[in-house]
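Encoded as structure tokens, the structure appears first; notes follow it.
Throughout, numbering of the chain's residues begins at 1 and tracks the sequence.
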Amino acid sequence: MTSTIIILPGGERFQLEWRRTDPERWERRLKAKYDESRSAERSDKARCLCQHRGAALPLQIRYRADSHSYHLAVWPNEGPLHEKTCPFYKPDPEKSGRASYVNGVIREGEDGDVAVTLSIGLRRKGPPRPVDDTPLPASDRPGQARQRRMTPLGLLHLLWERAGLTEWRPQFARHRTPTVALGRIASAGTRIRAQGRLISDLLCPVAQGMKGSDGVSMPLSGRKERKTICS
């Protein structure tokens with residue numbers, strides 16, 4: 001599915017791009033349909049164009065009291081049922097690295113943003129300290145999720161997943177260049193937080209051959225920080 005059309009309760013057509021291009025219209029229409037969506041039957045709720053076993057997949061209209069804003073969200077456990085090209089698609093956690101983490105390591109908000117618990121600090125004070133290779137505490141039950149914190153490698157895996165780079169899509173043909181891929185990763189970093197900080201503020205993604213005016217390799221994004229996570 002390449003369309004970004006959303007059908008609101010009552011059959012009104014809604015553009016997903018309005019969140020970026022016309023935020024006032026986005027808020028106004030979702031607010032107008034909020035109560036109707038909550039009381040509607042499953043088949044009459046807001047929905048995208050995806051179907052599962054012949055039935056439309058509903059979406060939630062959610063309200064965030066902290067920001068006084070409205071947004072659309074996938075229904076719990078239904079992300080993997082959406083088409084892979086749908087903005088509401090989410091990989092099955094049991095078929096990805098997420099299954100190895102205990103509850104609470106990856107916390108997904110109602111608006112789709114993610115907060116993670118990392119195994120490293122994001123602020124460095126004084127000289128670097130030796131890396132502690134001691135295994136983190138883990139569950140001793142076989143077959144259970146074991147990791148209680150996410151390593152930097154795990155974070156890079158999450159970034160690739162959130163950037164949609166773990167699955168092949170037709171629109172990637174001849175366009176999945178290092179610069180495009182890193183651009184998607186940088187964008188994904190704006191939706192992930194660790195220790196209260198946006199990962200995009202710490203990223204320094206650099207593609208081979210990217211040069212600045214002085215001939216020095218240039219990062220695609222990222223600000224000056226004491227610690228960066230490079231990809």
Determine whether a donor-acceptor pair (N or O, by modelled atom type, separation under 3.5 Å) exists between the side chain of Lys45 and the backbone of Ala40.
yes
Within the distance-only criterion (no hydrogens, no angle test), does the side chain of Lys33 pair as donor or acceptor with the backbone N or O of Pro9 below 3.5 angstrom?
yes
Under 3.5 Å donor-acceptor, Thr190 side chain and Ala186 backbone
no
Give a yes or no on whether the backbone of Cys50 and the side-chain of Glu83 come within a donor-acceptor separation of less than 3.5 Å.
no
Side chains of Pro23 and Trp18, heavy atoms from C-beta outward: is any pair under 4.5 Å?
no
Arg107 atom CZ, over 12 foreign heavy atoms within 6.0 Å:
yes
Within the 4.5 Å heavy-atom criterion, are His82 and Leu59 side-chain neighbours or not?
yes
Taking all heavy atoms of Pro58 and all of Arg47, pick out the closest pair and write down the distance.
CA-CB, 4.2 Å
N-O pairing of Glu17 and Arg20 below 4.0 Å
no
Minimum heavy-atom separation for Arg42 to Leu57, with atom names?
NH2-CD2, 4.4 Å
Is the backbone of Leu156 close enough, under 3.5 Å, to the side chain of Glu161 for a donor and an acceptor to pair up by distance?
no
Using 30° and 60° as the class boundaries, would you call the ring planes of Trp26 and Phe14 parallel, tilted or perpendicular?
tilted
Under a 3.5 Å distance rule, please check whether Arg25 uses its side chain to pair with a backbone N or O of Asp22 as donor and acceptor.
no
How about Ile192 and Arg162: do any of their side-chain heavy atoms sit closer than 4.5 Å?
yes
Quick one: closest heavy-atom pair of Met150 and Val105, and the distance?
N-CG1, 4.0 Å
Does Leu72 offer a backbone N or O that forms a donor-acceptor pair with the side chain of Gln60 under 3.5 Å?
no
